[in-house]
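Remarks on the structure that follows.
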2 protein chains.
Amino acid sequence: MTGEGAEPGTTRPGGRTARVRAAVLQATGDALVEKGFAALDLADIARRADVGKTTLYRRWGTTAALVADLLVDMAEQSLPRADTGTLLGDLQANALLVRRTLTDPRQGELFKAMITAATCDERTAAALHRFYEIRIAEWAPCVEQAVERGEVPEGTDAHEVIRAVSAPLYYRLLASGDPLDEAAAHRAAEAATAAARAGVYAGEAGRVV
Amino acid sequence: MTGEGAEPGTTRPGGRTARVRAAVLQATGDALVEKGFAALDLADIARRADVGKTTLYRRWGTTAALVADLLVDMAEQSLPRADTGTLLGDLQANALLVRRTLTDPRQGELFKAMITAATCDERTAAALHRFYEIRIAEWAPCVEQAVERGEVPEGTDAHEVIRAVSAPLYYRLLASGDPLDEAAAHRAAEAATAAARAGVYAGEAGRVV
C-alpha cells in the first residue's frame, strides 16, 4: 500500500483466483502506462500476466471491465486516512499522498491514462468516479471529526472539503502544467482548511463568505 | 467571444489569410470534438474547411501545430476579465465563465480532447499550458486590485488565486465526475476568496494558516 492508488497485487493473501487477479491487474496497469487505453488488448494482457486468454475473456470479457476492476483494486489497496488530531494535519497528509501518487512515474501515468480513457468510455468514467467516491469517503471522517472538535462549522460538507484538497493538484497535472511540488500540496491543504473554517463548505453556496 | 475559450472565427475582421485561418481552426475544433486528437487528419480538416491541402501543409504542417494554433486563437478570442469592485465578485464571474465553458457541449468536449491530447503529445501540452498562462494572467489583476484595496494580504500570489478558482471545476470535469453546477462555481470562488483572505496564497506555503 504505497499511495492513493497503490500498486496492485504485491502483498495480498489469497488463493489462485486472487493471484490470477493480481497478475492480470498488474499487467493491465503496465499495458495502460505503456500504450494507453485505446491500444489495450486482452491477448497481450494475458501474455504479460502469464494467464490463459480464456480465463481473461471469461472473467473480465472487455478491456473496459479490466480497467474498472483495476480501479476497484486500487481503491481497495489504497492507504487509510490520516488521524493527526487537527484538520490541517489530516488534509496535509492527504495532499502529500495525492501529490506522491500523481508524481510517481508509474502511478502518475496510470492516472493520466485512466482519466483520458474516462473521457471517451462511459464504463471507465463510472469506475473512475467510483474510485474517487471511495477515496473521498475514506478521508471524510477527518472533516467530520474537525466539526466535532469545533474547528469548522456544523454542516460542513466533508466530501467537498476532501475534493478541494485534491483539485489544485489534478489541475496542475492535467491542465496548467504548473509544478506538483510539496509547496503546492501544502497550499492545497491550507486553502481547503481556511475555506472550511470560513464556512464556505457549510450550507448553500452563494450564501456565505 | 462567448467563453474562456471562445468559438474561433465568427466575428473577427481580416483578409483572406485570416478567413482561411478561421475556417481551418473551426474545422480543427469540429474534428477534435468528433474524433479526438489521435484521429485528426490534415486532409480531412482541409476538406471540412474547404481550403487547399497544400495551404494546410505549408502553413501548419502537423495536426499538433493546428491544435497549438487553435489554443492560441482561443486565448486571443476569450473574454476579458471582470472588474466588479470586489475580489469575490470578480472570482465569481471567473468561476461562472469557466463553468459555462466546460459545460458547453462543444467547448467542454474540445477541452477534454485537448487535455487528453496533452497527456500524450508534448507540443500540445506546451500549447495547453500557454493557454492557461494567458488566461490566468488576464484574470490576475483582479487579485492585484484586491491587494491594493486591502481585501487580501500584501504578497498574495495572484496566479495561484486564479488557479484555485478553476481547479475544483476541472477536478469535477476530469476526475470525480461530480456535477458542474452553478453552486460548484460559487463555492470555487468563495473558497479561493476565503483562502486568499486567510493569507494562504501570501508568502511561502507551510508557513500560514
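Chain A is the first sequence line, chain B the second, and so forth, proteins listed ahead of strands; every chain is numbered from 1.
- By a heavy-atom distance cut of under 4.5 Å, not one residue of residues 34-43 of chain B is near chain A.
- Between B:Glu190 and B:Gln92, some side-chain heavy-atom pair lies under the 4.5 Å cut-off.
- Contact of A:Ala118 with chain B is not made at all, since no heavy-atom distance falls under 4.5 Å.
- Among A:Leu169, A:Leu128, A:Asp178, A:Ile115, the residue with the largest count of heavy-atom pairs under 4.5 Å with chain B is A:Asp178.
- Heavy-atom pairs under 4.5 Å with chain A peak, among B:Ala113, B:Pro168, B:Ala175, at B:Ala175.
- With a threshold of 4.5 angstrom between heavy atoms, A:Ile136 approaches chain B through side-chain atoms but not through N, CA, C or O.
- Contact count versus chain A (heavy atoms, under 4.5 Å) is highest, among B:Ala167, B:Ala195, B:Ala125, B:Ala126, for B:Ala167.
- Nearest heavy atoms, B:Trp60 versus B:Ala65: O-CB, 3.2 Å.
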Original post:
salt bridge (Lys or Arg N to Asp or Glu O under 4.0 Å) between B:Glu76 and B:Arg21: does it pass, once the steps are laid out?
Top reply: CA-CA 13 Å; B:Glu76 281 166 1; B:Arg21 181 176 179 232; 3.6 Å; yes
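- Here the closest non-hydrogen pair linking A:Pro141 and A:Arg81 is CB-NE, 3.5 Å.
- Nearest heavy atoms, B:His129 versus A:Gly177: NE2-CA, 3.4 Å.
- The two atoms that bring A:Ile45 and A:Ala31 nearest to each other are CG1-CB, 4.3 Å, heavy atoms only.
- Every residue two or more places apart in sequence or in another chain that forms a side-chain contact (heavy atoms from CB on, under 4.5 Å) with A:Ala82 is listed here: A:Thr84, A:Asp90, A:Ala93, A:Trp139.
- Ranked by heavy-atom pairs under 4.5 Å with chain B, the first of A:Arg130, A:Met114, A:Arg163 is A:Arg163.
- A:Arg172 touches chain B through its side chain: at least one heavy atom from C-beta onward sits under 4.5 Å away, while N, CA, C and O do not.
- Looking at A:Asp157, the atoms closer than 4.5 Å to chain B (heavy atoms on both sides) all sit in the side chain, from C-beta outward.
- Only the side chain of B:Glu160 comes within contact range of chain A, with heavy atoms under 4.5 Å apart.
- Nearest heavy-atom pair across A:Ala137 and A:His159 is CA-CE1, 4.0 Å.
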**OP:** Could you check B:Arg48 against B:Asp44 for salt bridge (Lys or Arg N to Asp or Glu O under 4.0 Å), going step by step and ending with a plain yes or no?
**Re:** CA-CA 6 Å; B:Arg48 287 170 188 256; B:Asp44 169 55; 3.0 Å; yes
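- Using cut-offs of 30° and 60° on the angle between ring planes, the pair B:Tyr132 and B:Phe111 is tilted.
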